[in-house]
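Structure record follows, encoded as structure tokens.
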Amino acid sequence: MKLSDTTLGRVMRRPKGVIAGSWLILVVFVAVFAPYLTPYEYDIQDLPNAFRAPDAAHWLGTDEFGRDMLTRIMYGARTSLSVSTIAIGISVFCGMCLGAASGYFGGRFDRAVTAVIDLTWSFPEILVALILVAIIGPGVTGAMVAIGVAYLALFTRLTRSQIMAIKSETFVEASLSLGASHGHILMRHLLPNALAPVIVAAMLATGDAIILEATLGFFGLGAQPPTPSWGGLMSSGTAQMFKAPWIIIIPGVAVAVTVFAINLFGDALIHALDVRARVRES
């Protein structure tokens, strides 16, 4: 199969897919190889160079402790991306399991799951995350769990609706008549056909999760110092907004551009997974 015939190939044929994908690849590359891309350490203080404006030695300046901001942004990308992607991965896995079982088997289990999910759905994600972090405690692990649970309702509802729409199809009834087990039908027929909208929702939710992680970090509930995160960097820069504005502006721009790129890529992914749109293009 040619690359151009794959979903990724169709995404990259669109200009916004190329632009957004290039930025995301760059961010991931920087996050993974941060220790090899900068001569500075993210946690070593250099007080004589505190509040140094961007120059040839420090391209994005330094913070209140003289730490290189570019280095902190690189390591912050590692924290923010890992927390958001792992959290959404937890939500997708648990949400698909709950939603598939609820939508397929129905009955009391479906009513119980729907009641809990509807109750969770009635609260904003930020409120759910704040409550959970307050219970679990601040830190990277607490932020991952809180964000994962906050978006669990989204993927459970989405998977449940997809399974309920597909399970009455003729091919499912044919599989049952041939003696296929419920597990076989779920894993081989229902979940693969329900996967496309879940993938798109996961892509878009990752951008929201980055914002939520930055919000938790801004309030001091995410990664704890000296571990950098984009939200934590913005929080430390609020007190120096007028003295050294780059401390808060640069991580804010990093969050905004990355989330915008994720949304652009998600929009291109929606088009690439749209079968009707592919038929019209062919």
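Because the structure is a prediction, the values reported are computed rather than measured. What you see below is based on every heavy atom in this structure, not just the backbone, and it leaves out hydrogens, waters and symmetry mates.
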Same cluster for Leu132 and Leu127 if Ile/Leu/Val/Met/Phe/Trp/Tyr side chains link at under 4.5 Å?
yes
To the nearest 0.5 Å, tell me how far Ile86 CD1 sits from Ser91 OG.
12.5 Å
Please test Ser80 against Glu213 for side-chain hydrogen bond (donor to acceptor under 3.5 Å, both in side chains), starting from the C-alpha separation and ending with a verdict.
CA-CA 7 Å; Ser80 297; Glu213 188 278 333; 3.0 Å; yes
Under 6.0 Å from the CZ atom of Phe93, do we count more than 12 heavy atoms belonging to anything else shown?
no
Show your reasoning for whether salt bridge (Lys or Arg N to Asp or Glu O under 4.0 Å) applies to Asp118 and Arg157.
CA-CA 9 Å; Asp118 287 345; Arg157 285 170 61 98; 2.8 Å; yes
Just checking Phe33 against Phe29, ring centres under 6.0 Å apart?
yes
Would a hydrophobic clustering, with Ile, Leu, Val, Met, Phe, Trp and Tyr connected at side-chain separations under 4.5 Å, put Met74 with Leu24?
yes
Check: Phe51 and Ile247 side chains under 4.5 Å, non-hydrogen atoms
yes
List the atom pairs, with distances to 0.1 Å, where a side-chain N or O of residues 220-235 and a protein N or O form a donor-acceptor pair under 3.5 Å, not counting sequence neighbours.
unit_1: Gln224; atom_1: NE2; unit_2: Gly220; atom_2: O; d: 3.1
unit_1: Gln224; atom_1: NE2; unit_2: Gly222; atom_2: O; d: 2.7
unit_1: Ser229; atom_1: OG; unit_2: Gly232; atom_2: N; d: 3.2
unit_1: Trp230; atom_1: NE1; unit_2: Ile73; atom_2: O; d: 3.1
unit_1: Ser235; atom_1: OG; unit_2: Phe218; atom_2: O; d: 2.9

Other residues, nucleotides, ligands: >12 heavy atoms within 6.0 Å of Trp121 CH2
yes
I need the His58 NE2 to Met69 CE distance, nearest 0.5 Å.
12.0 Å
Throw together a table of side-chain donor-acceptor distances under 3.5 angstrom for residues 196-212, partners on residues two or more places apart or in other chains.
unit_1: Thr206; atom_1: OG1; unit_2: Ala202; atom_2: O; d: 2.7

Note: with side-chain heavy atoms under 4.5 Å as the link, the other cluster members for Phe260 come out as Leu264
Under 3.5 Å, is there a donor-acceptor pair linking the side chains of Thr62 and Asn49?
no
